[in-house]
Amino acid sequence: MKIFYFAWLRTKIGVPSETVDLPAEVNTVGALVDWLKTRSPKHAEALANSKVVKVAVNQEHVPYDHPIEPGDEVALFPPVTGG
């Protein structure tokens, strides 16, 4: 699975993207975020407050209970504001 990080998440984690092989039990966005927190202290810090981390799967905004599959492309980003 390809995971992309945007804005301050990219800065805190230290990479713009990564490719990961997920454990079988990681099958929703929420489970993915929880699993990513275990990858490093930087991941844990950046993803500590999931209320401010938004997610898109295959370029579509989704809730944390959205299912994921190994070939999906996942983007994690802070809330976006505009004017």
Side-chain angles (χ1 to χ4, degrees):
M1 173 176 288
K2 185 79 171 187
I3 302 173
F4 295 91
Y5 303 105
F6 293 94
W8 55 260
L9 289 170
R10 176 186 301 188
T11 302
K12 285 187 175 191
I13 292 171
V15 296
S17 66
E18 58 185 329
T19 301
V20 297
D21 292 320
L22 299 178
E25 66 273 9
V26 178
N27 57 14
T28 66
V29 167
L32 171 64
V33 172
D34 288 343
W35 180 77
L36 286 171
K37 290 177 188 178
T38 69
R39 289 185 51 84
S40 76
K42 290 181 178 183
H43 285 80
E45 180 186 349
L47 301 170
N49 185 356
S50 59
K51 291 181 182 181
V52 298
V53 176
K54 304 300 179 191
V55 181
V57 174
N58 300 323
Q59 300 183 6
E60 180 180 329
H61 290 89
V62 297
Y64 272 48
D65 62 352
H66 185 81
I68 55 173
E69 297 182 17
D72 286 340
E73 186 178 276
V74 178
L76 297 140
F77 50 92
V80 179
T81 61

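Every heavy atom of this structure was used, including side-chain atoms; hydrogens, water molecules and symmetry mates were not. Everything numeric in this text was worked out from a predicted model, so none of it was measured. Nothing fancy with the numbering, it's 1 onward along the sequence.
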Q: Enumerate the residue pairs fulfilling salt bridge (charged side-chain N to carboxylate O under 4.0 Å, His left out) with a member in residues 7-31, sequence neighbours excluded, ordered by first and then second residue.
A: Glu18-Arg39
Q: Check whether any side-chain heavy atom of Leu32 sits under 4.5 Å from a side-chain heavy atom of Leu76, and report yes or no.
A: no
Q: Report, as yes or no, whether the 6.0 Å neighbourhood of atom NZ on Lys2 holds more than 12 heavy atoms from other residues, nucleotides or ligands.
A: yes
Ignoring hydrogens and angles, write down the donor-acceptor pairs under 3.5 Å from the side chains of residues 49-65, residues two or more places apart or on other chains.
unit_1, atom_1, unit_2, atom_2, d
Asn49, OD1, Lys51, N, 3.1
Asn58, OD1, Glu73, N, 2.9
Asn58, ND2, Asp72, OD1, 2.9
Tyr64, OH, Ser50, O, 3.3
Tyr64, OH, Val53, O, 2.9

Q: Output, in order, the C-alpha distance, side-chain angles, deciding distance and verdict of side-chain contact (heavy atoms from CB on, under 4.5 Å) for Thr28 and Ile68.
A: CA-CA 5 Å; Thr28 66; Ile68 55 173; 5.6 Å; no
Q) Leu36 versus Ile3: any side-chain heavy-atom pair under 4.5 Å? A) yes
Q | Hphob cluster co-occupancy, Phe6 + Leu9, side-chain heavy atoms under 4.5 angstrom | A | no
Q: Could you check if a side-chain atom of Tyr5 sits within less than 4.5 angstrom of a side-chain atom of Thr11, using non-hydrogen atoms only?
A: no
Q | side-chain hydrogen bond (donor to acceptor under 3.5 Å, both in side chains) partners of Ser40, counting only residues at least two apart | A | His43
Q.
Looking at every heavy atom in both Pro78 and Trp8, which two are closest together, and how far apart are they?
A. CB-NE1, 3.1 Å
**Q.** Lys37 to Ala48 - nearest heavy-atom pair and separation
**A.** NZ-O, 4.0 Å
Q. Is there side-chain contact between Trp35 and Pro23, with at least one heavy-atom pair below 4.5 Å?
A. yes
Q) Among the clusters formed by ILVMFWY side chains lying less than 4.5 Å apart, do Val20 and Leu47 turn up in the same one? A) yes
(Q) Rounded at 0.5 Å granularity, tell me how far CE in Met1 sits from CG in Leu22. (A) 4.5 Å
